[in-house]
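Chain letters run A, B, ... following the sequence lines, proteins first and then strands; every chain starts at 1.
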Amino acid sequence: MAREYSPLEKIRLEKIESLRARGIEPYPTRARRTHTSREAIQAFEAVEARGEETKVEVTLAGRLRAVRPMGKITFAHIEDGDGRVQLFFRANDLGEEKLKFFNRDFDLGDFIQAEGYMFRTRAGEVTLWVQDFRMLAKAITPLPAAKDEVVDGEVISHAVLSDPETRFRQRYADLAVNPEVRDIFRRRAAILRALREFLDARGFLEVETPILQPIYGGAAAKPFITHHNQLKQDLYLRISFELYLKRLLVGNLERVYEIGRDFRNEGVSFKHNPEFTQLEFYWAYADYEQVMALTEEMLAYVADRVLGKRTFTYQGQEISLEPPWKRIELRQGLLDATGIDIQQHPTAESLAEAMRAAGIEPKPGAARGKLIDALISTYLEPRLIQPTFLYNYPRDISPLAKSLPGDPQTVERFEGFIGGMELCNAFTELNDPLDQEARFLEMGRDYDVEDEERHPMDEDYLRAMRYGMPPNGGFGMGIDRLTMLLTDKHSIREVILFPHLRSREEE
RNA sequence: GGGCGCGUAGCUCAAUGGCAGAGCAGUGGCCUUUUAAGCCAUUGGUUGCAGGUUCGAGUCCUGCCGCGCUCACCA
């Protein structure tokens, strides 16, 4: 496919040819650097603070982000993984030819290696006095940013890439010009690290289970379907890890967790991406009360490690992750919010009638669980700004959770909400294989055959349970959403490096 | 999938239905401590795509593509 180069790109392509014609390789194989930008500045400041005269000699490497030629001298800024540092080129040191080489053949966005020693300019900025430099990699396409300025050490970018479509489709360009975007993903990595530290320290074993599954399950969602050619077998991309992780409890692995990707074939929105990262753990001999306590402790730990404090601002709201969280029993919460007591309405028909009486239009033909789900997300979820557990869910939307003793219609399940978003979901896991089989059958019956979210029967899972599964508590949490909260981003796309966008025909 | 909005130069944005513009970037100059350096000159457009209305369309209409917000669905 022939690529049409822009006029700006053509000029840079000509520079590449010109460099090669002069025996200068624009993409040399090896680079060298002794210090990052920050290390070089700190090294100089340390020597300066001691009042020493020794020269701090360094070799730096980075991307050219600003150039200010002034006749026989030139100032430039390069950016590397640590930040920015100014370069100072002077014809006296380099010769006029070499300075001209820099001014003519280097463009914004090019990677450069420069050596010299650090000094402080009249304006007070710690700067590399360049003795020699070379091209490390020529950029053909100009970076989508006009110009930057540095005010009191803060980089202010002007006319910087902001079109969300370009930012997400060309995330590399977004990352290259928007350092705060890099920070989001550093923080995301810190969150994952903290979660692993927390669980590892408590004896949880990190495992990996199949993404390609012959039978999907563990959540109510439409799967993606793929096909194995040689086996002539349709496979599903997993919608949760649950059924495989609980098989491991049968295998006497008492505490397991997995962090990985789930795939759900549903609509995309500011809080939904077709593939998203999930943490699930299963904990033998624990129940949902213990899981609740561990959840509080775990998120406080993450906040400590990632933010250094337990409070943060999300979309203008001050949120505290200090345990204990607020706890609201689902039945009571819905009663307070809507005046409807779900316990009085054991059937979908009765509940739909009560909703109509309360002026809420129920979705026609929806199962009781779906109606309750709708009530939660409309009347409760948006109000749950501070960390809150909603607990004790109806059995019919929780086919893998264990009933409350003495109340077969209610299960020991909770969901955690922060910032008006559902963050996690957990329950005392059902470990009775006969009850589980009955639940699978119920799901098949109560849900329309057309409803792709009904649970398929997983015979192997039932076989595993029949070997005996210890009582246990299980937990699932969306990592993307947690990252949204801790980076104050309204859109899930901001916290996924390459979010799904509709494919676009390229010319 | 429905509703609303948006799409103009590499980037950020202007342009009552009447000559498609600005800043930065780029190009050619001047300039030895600048920092959105400055000064002089200058290049750059299939106005998302395809039709239509009109003497004349970036602007109005229809369809399509993409993005955003929102509703539905979901986590």
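- Among the protein residues, A/K15 comes within range of the sugar-phosphate backbone only, with heavy atoms under 4.0 Å from sugar or phosphate atoms but none that close to a base.
- Between A/V177 and A/R65 the shortest side-chain heavy-atom distance falls below 4.5 Å.
- Heavy atoms of A/S162 sit under 4.0 angstrom from primed sugar atoms or phosphate atoms, though from no base atom.
- Remark: the A/R68 side chain and the B/rU34 base include a donor-acceptor N/O pair separated by less than 3.5 Å.
- Here B/rA25 is the nucleotide among B/rC67, B/rA25, B/rU34 with the atom lying nearest to any side-chain atom of A/L8.
- Atom name P, nucleotides B/rU43 and B/rU34: the rounded distance is 32 Å, in whole Å.
- If you check every strand for non-hydrogen atoms under 4.0 Å, A/F119 touches a base.
- Annotation: B/rG1 and B/rU12 have their C1' atoms spaced 34 Å apart (nearest Å).
- Nucleic acid contact for A/D262: none, since no nucleic acid atom lies under 4.0 Å from a heavy atom of the residue.
- Here A/F75 does not count as stacked on B/rA37, because the ring centres are not under 5.5 angstrom apart with planes under 30°.
- Comparing the C1' positions of B/rA14 and B/rG28 gives an interatomic distance of 28 Å, to the nearest angstrom.
- Here A/Y391 and A/F414 keep their ring centres 6.0 angstrom or further from each other.
- Of all nucleotides listed (B/rU32, B/rA75, B/rU35), B/rA75 comes nearest to the side chain of A/A220.
- The same atom, P, is picked in B/rC67 and in B/rC24; the two are 33 Å apart, to the nearest Å.
- With A/Y5 as the aromatic partner, A/K10 does not meet the cation-pi criteria of under 6.0 angstrom to the ring centre and within 45 degrees of the ring axis.
- To the nearest whole angstrom, the two P atoms, one in B/rG21 and one in B/rC31, are 33 Å apart.
- Per the geometry, CZ belonging to A/R167 stands 11 Å off P belonging to B/rG68, to the nearest Å.
- Among the nucleotides B/rA75, B/rU34, B/rG68, the one closest to the side chain of A/E125 is B/rU34.
- Counting atom types as modelled, A/T121 pairs a side-chain N or O with a base atom of B/rU34 as donor and acceptor under 3.5 Å.
- Here the two rings, on A/Y257 and A/F241, have centers that are 6.0 Å apart or farther.
- Neither OP1 nor OP2 of B/rU33 sits under 4.0 Å from any side-chain N or O of A/R90.
- Distance from the side chain of A/D107 is smallest to B/rG26 among B/rC67, B/rG26, B/rU33.
- Around the CZ atom of A/R20, the shell of radius 6.0 Å holds more than 12 heavy atoms that belong to other residues, nucleotides or ligands.
- Considering only the side chain of A/E165, B/rG66 comes nearest among B/rG66, B/rA75, B/rU34.
- When all heavy atoms are compared, the tightest approach of A/H35 to A/E39 is CA-OE1, 3.4 Å.
- For B/rG5, the paired base is B/rC67 (Watson-Crick or G-U wobble, both distances below 3.5 Å).
- Comparing B/rG23 with B/rG44, their C1' atoms sit 15 Å apart, to the nearest whole Å.
- A donor-acceptor pair under 3.5 Å links the side-chain atoms of A/K15 to the main chain of A/R104, judged by distance alone.
- Using a 4.0 Å heavy-atom distance criterion, A/N273 is classed as a base contact.
- Across all strands shown, B/rU43 has no partner, as no Watson-Crick or G-U wobble contact with both distances under 3.5 Å is found.
- We find that CG of A/L87 is positioned 14 Å from C1' of B/rU33, with the value rounded to whole Å.
- Phosphate contact (OP1/OP2 of B/rU32, side-chain N/O of A/R122, threshold under 4.0 Å): absent.
- Scanning residues 491-501 of chain A for heavy-atom distances under 4.0 Å to RNA chain B yields A/R493, A/L501.
- Residue A/E415 is classed as having no contact, given no heavy-atom separation below 4.0 Å to the nucleic acid.
- If you check B/rA20 for Watson-Crick or wobble pairing at under 3.5 angstrom, you find it has no partner at all.
- The shortest distance between side-chain heavy atoms of A/R368 and A/P394 falls below 4.5 Å.
- Using a 4.0 Å cut-off between a side-chain N of Lys or Arg and a carboxylate O of Asp or Glu, A/E17 and A/R22 do not qualify as a salt bridge.
- As rounded to the nearest Å, B/rG7 and B/rG17 have P atoms that lie 15 Å from one another.
- A/L99 has its CG atom 12 Å from the C1' atom of B/rC31, to the nearest Å.
- Of all nucleotides listed (B/rG10, B/rU27, B/rU70), B/rU70 comes nearest to the side chain of A/F270.
- Distance, A/L94 CG to B/rU32 C1': 13 Å, rounded to whole Å.
- In this structure, the side chains of A/I319 and A/T313 stay at 4.5 Å or more apart for every pair of heavy atoms.
- The partner of B/rU33 cannot be assigned: no Watson-Crick or G-U wobble pair with both contacts below 3.5 Å exists in any strand.
- For A/F276, taking side-chain heavy atoms from C-beta onward, the closest of the listed nucleotides B/rU32, B/rU33, B/rA75 is B/rA75.
- In this structure, A/L143 places its CG atom 19 Å from P of B/rC24, rounding to the nearest Å.
- Across all strands shown, the partner of B/rC60 is B/rG52, judged by Watson-Crick or G-U wobble contacts whose two distances both fall under 3.5 Å.
- Under 3.5 Å, the side chain of A/Q86 and the base of B/rU34 form at least one donor-acceptor pair of N or O atoms.
- When the nucleotides B/rU34, B/rA25, B/rG44 are ranked by their closest atom to the side chain of A/M70, B/rU34 comes out on top.
- A straight line from CZ of A/F88 to C1' of B/rU34 spans 9 Å, rounded to a whole angstrom.
- Of the P atoms belonging to B/rU32 and B/rC49, the separation is 47 Å, rounded to the nearest Å.
- The shortest side-chain heavy-atom distance between A/P223 and A/R264 does not fall under the 4.5 Å cut-off.
- Nearest-nucleotide mapping onto RNA chain B: of A/T127 and A/P7, the residue sitting toward the 5' end is A/T127.
- In the displayed structure, A/E180 atom CD is contacted under 6.0 Å by more than 12 heavy atoms of other residues, nucleotides or ligands.
- Here B/rU35 presents its P atom at 19 Å from CG of A/L64, a figure rounded to the nearest Å.
- The side chain of A/N92 lies closest to B/rU32, out of B/rU33, B/rA75, B/rU32.
- Taking 3.5 Å as the limit, the base of B/rU12 and the side chain of A/D163 contain no donor-acceptor pair of atoms between them.
- Take the nearest nucleotide of RNA chain B for A/A76 and for A/N425: the residue whose nucleotide is more 5' is A/A76.
- Distance A/I73 CD1 to B/rC31 C1': 9 Å, rounded to the nearest Å.
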